[in-house]
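Presented below is the structure to which this report refers.
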Amino acid sequence: MDAVAYINPAVIGFINENLIPVRLQASDPVFGPKFKVKWTPTLLLLDAEGTEHYRTLGFYPPQELIPSLLLGMGKAKFDQPDRPAACGYFEQILADHATSTLAPEAVYLNGVSRYIETHDVKSLIGIYDRLLDDYPNSPWLTRADPYRFLKQGS
Amino acid sequence: MTQINWIESFDEGFSKARAEQKLVLLDFFSPG
């Protein structure tokens, strides 16, 4: 991460502006076991109370790290729960990082967030339709497969 | 901004997160 992602100007700006970056060695005798770190790099997004909302394992190139962090920020809002704010992060991924490998999950979570707020099944159908159109090879399409049957009742 | 402003203290990071109402990005790394 130090050799590629963490020296990228866009990544530096994004992290410094949006997050509080804390760095610890995986061998830390207290926090390594506390957060069950078994391999590096492990990245966590935690709220100020220490609750974990997102975890990644392995290296990310710069163009994937920013949408990954946006996904985690959205998940933190989803958990809060502040689903309109969560949708804002998921939609930012789709607007600015549509070719990212994280984009299909953003489609899914955006639709789920909208459904929870509105109880409108069109939000779930929309997940399936968009994944089918834009990300037909994504495993997230498989997860959304049942939603296609909702078309019959809508 | 030329580098990420890493904090190397867990407590300092969470204190700052509370003050700024931001999430903590906690990076566990292996030196070298």
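Every value quoted in this text rests on a predicted model; they were computed, and no experiment measured them. Just so we're on the same page: letters track the sequence lines, and every chain starts at 1.
Hydrophobic clustering (side-chain heavy atoms under 4.5 Å, transitive across Ile, Leu, Val, Met, Phe, Trp, Tyr) keeps A:I7 apart from A:I66. By the rule that hydrophobic residues join a cluster once side-chain heavy atoms approach within less than 4.5 Å of another member, A:Y135 and A:L124 end up as members of one cluster. One hydrophobic cluster, built from ILVMFWY side chains closer than 4.5 Å, cannot hold both A:V4 and A:Y60; they sit in different ones. Hydrophobic clustering (side-chain heavy atoms under 4.5 Å, transitive across Ile, Leu, Val, Met, Phe, Trp, Tyr) keeps A:V11 apart from A:L57.
Side chain of B:K22 to main chain of A:E17: a donor-acceptor pair is present (N/O by atom type, distance under 3.5 Å, no hydrogens or angles). Formation of a donor-acceptor pair under 3.5 Å by the A:N16 side chain with backbone atoms of B:T2 is not found in this model.
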Kindly determine whether B:F29 and A:R23 satisfy side chain to side chain contact (heavy atoms under 4.5 Å, CB included), including the steps that lead there. CA-CA 7 Å; B:F29 73 105; A:R23 194 156 216 216; 3.4 Å; yes
Apply side chain to side chain contact (heavy atoms under 4.5 Å, CB included) to B:F10 and A:V30, showing your working. CA-CA 10 Å; B:F10 186 86; A:V30 174; over 6 Å; no
CA sep, side-chain torsions, deciding dist, call: B:E8, A:V22, side chain to side chain contact (heavy atoms under 4.5 Å, CB included): CA-CA 6 Å; B:E8 297 184 352; A:V22 175; over 6 Å; no
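Proximity to chain B at a heavy-atom threshold of 4.5 Å picks out nothing from residues 111-120 of chain A. Using a 4.5 Å heavy-atom cut-off against chain B, the contacting residues of residues 68-107 of chain A are A:L69, A:M73, A:A76. Among the residues in residues 34-52 of chain A, those with a non-hydrogen atom closer than 4.5 angstrom to a non-hydrogen atom of chain B are A:F35, A:V37, A:T40, A:P41, A:T42, A:L43, A:L44, A:L45, A:L46, A:D47, A:A48, A:E49, A:G50.
Shown here are the ring-ring contact (aromatic ring centres under 6.0 Å, His included) partners of A:F59, two or more places apart in sequence or in another chain: there are none.
With a threshold of 4.5 angstrom between heavy atoms, B:S9 approaches chain A through N, CA, C or O but not through any side-chain atom. Using a 4.5 Å cut-off between heavy atoms, A:N8 makes no contact with chain B at all.
Side-chain contact between B:L26 and A:L24 is present, with heavy atoms from C-beta onward closer than 4.5 Å. Using a 4.5 Å heavy-atom threshold, the side chains of B:S30 and A:Q25 count as separate.
Under the side chain to side chain contact (heavy atoms under 4.5 Å, CB included) rule, A:I20 has a single partner from B:L23, B:I7, B:L25, which is B:I7.
Between atom CG of residue B:D27 and atom OG1 of residue A:T56 there is a gap of 8.5 Å, rounded to the nearest 0.5 Å.
Across every non-hydrogen atom of B:F28 and A:F31, the tightest pair is CZ-O, 3.5 Å.
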